[in-house]
Amino acid sequence: RIPVTKLLVTLCFALMTPSFSFILQPPRQYSNRDSVLHGLLEWRDQQLIHSESSLEDTKPLLLLPFHANEALVQGQYKEIVLKHGRFFDLFQDSIDDHESIIGMVLMGEDGMLNEMPLCEIHDFEVHAGFKGKITVDVTLRAVGRARINELTQMKPVMMGMCSELADDEEIVSHEAMVFANEIVDSIEHIVRDLSQGENYRHLQIAYEDGYHRALQVHHLSLGTAKTTETKFSGRYDKLKRPADDLVAASWAVFAAVSDKSSVVKALQLTNLIDRLQFGLKMILDDKYRLKSEEFIYGNVGQGGFD
């Protein structure tokens with residue numbers, strides 16, 4: 001963790017500043033050009049050309065602060081509305097100079113966290129409102145992970161030297177594939193079981209949607225985008241899920257768990273099996289909690305606690 005007492009004061013002051021006003025003009029919209037991943041691969045290429053370094057080396061990255069509970073996993077979207085001029089500059093600089101890539105820096109109780117989602121600016125629309133005041137609607141999509149190695153700039157926008165995070169290595173052994181598939185089987189069984197409850201039917205949808213989005217981003221980040229629609233991993237025999245589907249499942253489970261703070265730890269894990277096991281633990285926690293609530297409420301309803 002990076003000590004940020006002074007940083008937090010600076011950020012709070014920045015967020016409380018009044019919105020900038022501009023001369024009234026027709027709204028304009030930024031749309032990402034047609035590329036493999038709306039800038040991620042181009043961002044990597046740009047940094048390699050300029051720095052002549054490997055993907056593991058640090059790269060300059062513009063940063064936008066969020067609460068840790070707002071962390072995104074691969075494929076998830078977040079819509080935000082900006083009313084402060086300094087943030088307009090941040091997004092415009094990202095589009096112009098950083099291939100529309102931005103770091104979603106996470107603020108925890110003890111300060112700024114080292115690991116963060118790496119996001120693309122998926123949509124960027126400027127609106128001119130009353131008296132020429134400008135607001136910007138931005139849609140971010142998480143396309144990877146990064147680690148902050150050094151903060152290099154605080155004003156007018158945040159910037160740091162960051163290194164992209166990836167899993168340590170692919171699963172290659174038969175034993176590891178079997179174990180990983182068994183974990184995914186357990187996760188999907190629990191999700192289906194929980195979704196039988198009237199108030200939790202959305203969990204299956206959340207998992208399947210998270211799986212599809214994570215798999216799409218994973219393929220695109222590798223430059224292996226598929227044009228055909230991919231369904232969630234339950235269609236496979238438990239020992240025949242390919243490695244890409246295991247990766248997607250390891251992120252999708254966090255779209256279904258109730259404790260969103262778990263995403264922060266998931267971002268830190270670079271071992272696929274470790275992340276799957278952590279996801280299984282979190283969905284099991286939800287199962288035990290919900291079953292306990294049903295038991296308690298059921299007994300209260302029947303007069304079991306006098």
Side-chain angles (χ1 to χ4, degrees), residues 1-17 19-20 30 32 37-74 78 80 82-122 124 136 138-166 221 263-265 267-268 270:
R1 297 176 184 270
I2 302 175
V4 289
T5 302
K6 186 176 180 180
L7 172 62
L8 288 174
V9 173
T10 303
L11 287 175
C12 290
F13 177 81
L15 292 174
M16 290 188 293
T17 55
S19 302
F20 283 76
Y30 164 78
N32 282 302
L37 187 54
H38 299 292
L40 179 61
L41 298 183
E42 292 88 343
W43 177 72
R44 290 172 178 166
D45 291 342
Q46 180 194 57
Q47 300 307 319
L48 287 172
I49 291 171
H50 290 172
S51 65
E52 298 182 354
S53 59
S54 67
L55 288 176
E56 289 74 25
D57 289 337
T58 59
K59 312 172 183 67
L61 187 66
L62 291 163
L63 307 172
L64 188 66
F66 289 87
H67 191 278
N69 286 339
E70 297 182 87
L72 303 177
V73 297
Q74 266 79 327
K78 185 172 186 61
I80 58 177
L82 303 175
K83 299 180 181 180
H84 300 276
R86 69 180 62 213
F87 296 134
F88 302 171
D89 294 338
L90 182 147
F91 280 94
Q92 194 62 57
D93 288 348
S94 176
I95 293 166
D96 293 341
D97 302 325
H98 297 270
E99 303 294 343
S100 81
I101 297 299
I102 196 168
M104 185 181 189
V105 62
L106 303 175
M107 309 301 294
E109 293 181 359
D110 299 325
M112 185 170 66
L113 307 182
N114 288 341
E115 290 76 22
M116 64 182 174
L118 194 62
C119 297
E120 68 178 12
I121 301 173
H122 192 260
F124 180 81
V136 179
V138 180
T139 302
L140 301 176
R141 178 169 75 158
V143 293
R145 294 174 286 169
R147 175 179 289 116
I148 304 172
N149 300 306
E150 180 185 3
L151 278 177
T152 58
Q153 177 179 303
M154 284 299 300
K155 294 182 178 181
V157 295
M158 291 179 65
M159 180 177 285
M161 296 301 294
C162 307
S163 53
E164 193 173 352
L165 282 178
S221 68
V263 173
V264 172
K265 182 174 180 179
L267 291 170
Q268 299 169 353
T270 57

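Position 1 is the first residue of the sequence; numbering continues from there.
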Is there a side-chain contact between [X] and [Y] (heavy atoms, below 4.5 Å)?
X: L72; Y: F66; result: no
X: C162; Y: L63; result: yes
X: L140; Y: I121; result: yes
X: M112; Y: V105; result: yes
X: M161; Y: P60; result: yes

What is the distance from atom [atom1] of [X] to atom [atom2] of [Y], rounded to the nearest 0.5 Å?
X: M116; Y: L106; atom1: CE; atom2: CG; value: 8.5 Å
X: L165; Y: Q268; atom1: CG; atom2: CD; value: 9.5 Å
X: Q74; Y: R141; atom1: CD; atom2: CZ; value: 10.5 Å
X: R147; Y: L118; atom1: CZ; atom2: CG; value: 13.0 Å
X: L64; Y: C119; atom1: CG; atom2: SG; value: 9.0 Å
X: S163; Y: N114; atom1: OG; atom2: CG; value: 9.5 Å

May I ask you to say whether K78 pairs ionically with E70, meaning some side-chain N is under 4.0 Å from a carboxylate O?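 Salt bridge between K78 and E70, a charged N being under 4.0 Å from a carboxylate O: yes.
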On a heavy-atom basis, which atom in P65 and which in M158 lie closest, and how many Å separate them?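 Residues P65 and M158, closest heavy atoms: CD-SD, 4.1 Å.
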Nearest atoms (heavy-atom pairs only) where L113 meets V264: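 Closest heavy-atom pair between L113 and V264: CD1-CG1, 3.5 Å.
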Could you walk me through whether R145 and T270 pass the side chain to side chain contact (heavy atoms under 4.5 Å, CB included) test, one step at a time? CA-CA 10 Å; R145 294 174 286 169; T270 57; 4.1 Å; yes
